[in-house]
Amino acid sequence: MKVLFATPEARPLVKTGGLADVSGALPAALREIGLDCRLLLPGYHPVIAGVVNARERLRLNDLPGYGAVRLLEGQMPDTGVPVYVIDYPWHYQRDGGPYQDASGRDYPDNAWRFALLSRIAALISAPDTPLAWRPDVLHCNDWQTGLAPAYLHFAGGGAPSLMTIHNLAYQGIFPPDLVVPLGLPAASFQVEGVEYYGNFSFLKAGLYYADWISTVSPSYAREIQQSPLGMGMEGLLASRRDRLTGILNGIDMADWNPSSDLHLPCEYSSRALAGKRRCKLALQQDLNLEIQPETPLFGVISRLTYQKGIDWVAAIADRLVAAGAQLVILGKGEAHLEQACHDIAARHPGRVASIIGYDEGLSHRIEAGADVFLMPSRFEPCGLNQMYSQRYGTIPVVFATGGLKDTVEDGVTGFVFTEASPEGLWGAIQRALTVFQDKPAWRRMMLAGMQKDFSWEASANQYAWLYRLLVLTRSGNDIV
Ligand code: ADP
Ligand code: GLC
C-alpha cells in the first residue's frame, strides 16, 4: 500500500500546532506496520535545510500559473520517512511562519501557495504521474491540501483521496475570482462544489470531492455534523456521514516519555515517581515561583485563541491563586489573550508565571513539573496535551468536547466538565483541589493516566484499514 501524505507542516521541521505532531508521527507509524507512506511538504526554509539527502526528483518547466517548479526527494531527519519537497522559493522561502509573516498577518498569496501544494499532490497521484512512484491513496490534511481532491476529480481520476479535518475552524476561504486562475472550472463554483457562502473554500473543495473524510476523534466526527461545531459545513458533512470516520490521534511515545525526556532536569516513571517532584521544584525555581513542593501547580500550554478557552482560565485565575494554587501559562496567539495572561502574572508575582512565546523544551518541563493541566477548549478536534499530561502523571482538567471527551476519563484519569463557562471550569478545578489533598487517591489517578496506551499503533491500523477500503471501493467502481 503506497500512501502520499500531503501536509503543510510536519515535526520536527515545521510546526504551528498538533497537525505537525501528527504529520511527524503517523507516517512513521504507518511504515512500521508495512505501508509505504511518504510525505509531501512545501519547501519552507527549515524544510529545505532540514531534509536529509535531498536531491532533485522532478523539474516541471511550465506549471500553469507558476512556471518552473522543482520537486526534491529526501528523508525526514529523525524517522527517515521519505519526503517530497516542493522547491519553489518564490512562494515558500520567506521570513515568518508557514502561513503568516513575522508580524502575524496571513500572507496575501496563501491561495496560490497552498493551491500549489494541492496541485503537486494531485499530479503525483494522477494516472499519468511524472514520478516512478504512484500512490494508491492520497491522504490530504486540512484546508491547505483541500484542492487536491478537486484537481484529481477534474483531471479524470487517479488515486482515491482521504481528506482529514484537523480543525474545521480553518477553512481556507478566498475570493471566488480565484477559482479559474487556480485551475478549476468555473462551473465548480456552486454549492455542489467549492462554493461556500459566496466565497471559495479550499476545505469545502476537499470535503466535497474527496472519496472519504476523516477527523481526529470519534466525538468530533459526530459533533461536526451539527451546528455550531460544523461551522457552516454541517450540512455537507451530515450528507456524507456514511463516508466520515473519526480516528483518534496517538502521541509520539518516544518524544513524550518522562523516563527518557532530555528536556527534563530529571527522569521519572510510574514505578519511580520521585523525579516528578524534582521537576516541579526546578520549574518553580526557573520561573521565579515560590518554591513549595506541596502547593498544587497548574499548567497551560496552548495556542492563545478563542478555541482554547483561555479567557475562561483568565476569569478564574484570581480564584485559583486565592485557593492557594500556582499557575504557569505558556502560549502564543491573539494579542488580547497574550495581554490577559501577562496581566494575571503581573497581579500575582511568585504565584503565576506567563511565558508568551513558543518553547518546546519548556512545554515538556511544564508537563512534567505541573500537578494539573488545564485544557478548557470550547471545541477540540482531538488535542494532544491532555494525552501528554496523562503520560506525565499530570491530571488534565478538560471540557467535555471532541477528543478531550474521548481521551480523559472523568474521576479516573482527569476531571471533565460539561458546563461551557468559567463556572464549569471552576467546578472541575475545585474537584481537582479536593482530590489533591487525598494523596493516595491522587496517586491512583496519576498512575491510571500514566499507564494508558496512547501510542499510534491502533490509529495507524485504522488508517491502513480505511486506505484498503478506499482502494477496494475505487476498483469496484471501475469494474461497474
Ligand atoms: P492545536 O493543534 O489545536 O494547537 P493540539 O493539542 O493538537 O492543539 O497540539 C498543540 C501542540 O502544540 C502540542 O504539541 C503543544 O505542546 C504544542 N504547543 C502549543 N503551544 C505551544 C507553545 N507556546 N510552546 C510550545 N509548544 C506549544
Ligand atoms: C488541530 C486541532 C487539535 C488536533 C490537531 C492534530 O490543530 O485543533 O485538536 O489535535 O489538529 O490533529
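Whatever order the structure lists ligands and atoms in, that order sets their numbers, starting from 1.
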Enquirer: For the residue pair P396 and Y388, establish whether any side-chain heavy-atom pair is separated by less than 4.5 Å.
Expert: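 They are not in side-chain contact.
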
Enquirer: Are there more than 12 heavy atoms of other residues, nucleotides or ligands under 6.0 Å from atom NZ of K332?
Expert: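 No, NZ of K332 has 12 or fewer neighbouring heavy atoms, counting only those of other groups under 6.0 Å.
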
Enquirer: Is it the case that N167 and Q307 place a side-chain donor and acceptor less than 3.5 Å from each other?
Expert: yes

Enquirer: Got the closest protein heavy atom to atom 4 (C) of ligand 2, with its distance?
Expert: G383 N, 3.6 Å

Enquirer: Purely on distance, is any nitrogen or oxygen of C382 under 3.5 Å from one on ligand 2?
Expert: yes

Enquirer: Is any side-chain heavy atom of Y197 closer than 4.5 Å to one of I173?
Expert: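 When only atoms from C-beta onward are counted, Y197 and I173 do not touch, as no gap falls below 4.5 Å.
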
Enquirer: Report, in ascending order of atom number, the atoms of ligand 2 lying under 4.0 Å from any heavy atom of Q307.
Expert: 8 (O)

Enquirer: In this structure, which one of Y196, W112, F202 forms a ring pair (Phe, Tyr, Trp, His ring centres under 6.0 Å) with F174?
Expert: F202

Enquirer: Taking 4.0 Å as the limit for heavy-atom contacts, which would you say applies to L19 with ligand 2: side chain only, backbone only, both, or neither?
Expert: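 Backbone only.
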
Enquirer: Can E457 and S455 be counted as having a side-chain donor-acceptor contact under 3.5 angstrom?
Expert: no

Enquirer: Are any non-hydrogen side-chain atoms of L26 and W456 less than 4.5 angstrom apart?
Expert: yes

Enquirer: Of F114, Y107, Y92, which meets ring pair (Phe, Tyr, Trp, His ring centres under 6.0 Å) against Y99?
Expert: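 With Y99 as partner, ring pair (Phe, Tyr, Trp, His ring centres under 6.0 Å) holds for just one option, F114.
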
Enquirer: Would you mind checking which non-hydrogen protein atom is closest to atom 2 (C) of ligand 2, with the distance to 0.1 Å?
Expert: H166 O, 3.1 Å

Enquirer: Atoms of ligand 2 less than 4.0 Å from V216 heavy atoms?
Expert: 12 (O)

Enquirer: Do the charged groups of R391 and D261 touch, with an N to O distance under 4.0 Å?
Expert: no

Enquirer: Which N/O atoms of ligand 1 sit under 3.5 Å from a protein N/O, and at what distances?
Expert:
unit_1	atom_1	unit_2	atom_2	d
ligand 1	2 (O)	G18	N	2.5
ligand 1	3 (O)	R303	NH2	2.7
ligand 1	3 (O)	K308	NZ	2.8
ligand 1	4 (O)	R303	NE	2.7
ligand 1	6 (O)	L384	N	2.9
ligand 1	8 (O)	K308	NZ	3.1
ligand 1	9 (O)	G18	N	3.3
ligand 1	14 (O)	K15	NZ	2.9
ligand 1	14 (O)	D21	OD2	3.2
ligand 1	16 (O)	N385	OD1	3.2
ligand 1	16 (O)	N385	ND2	3.4
ligand 1	23 (N)	G357	O	2.8
ligand 1	24 (N)	D359	N	3.1

Enquirer: Is there a polar contact between ligand 2 and N249, counting only N or O atoms under 3.5 Å apart?
Expert: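 It does: an N or O of N249 is found under 3.5 Å from an N or O of ligand 2.
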
Enquirer: Are any of the side-chain heavy atoms of S217 and E223 separated by less than 4.5 Å?
Expert: no

Enquirer: Quick test: of every protein heavy atom, which one is nearest to atom 9 (O) of ligand 2, and how far off is it to 0.1 Å?
Expert: E380 OE2, 2.5 Å

Enquirer: Does any N or O of ligand 2 fall below 3.5 Å from an N or O anywhere on V22, backbone included?
Expert: no

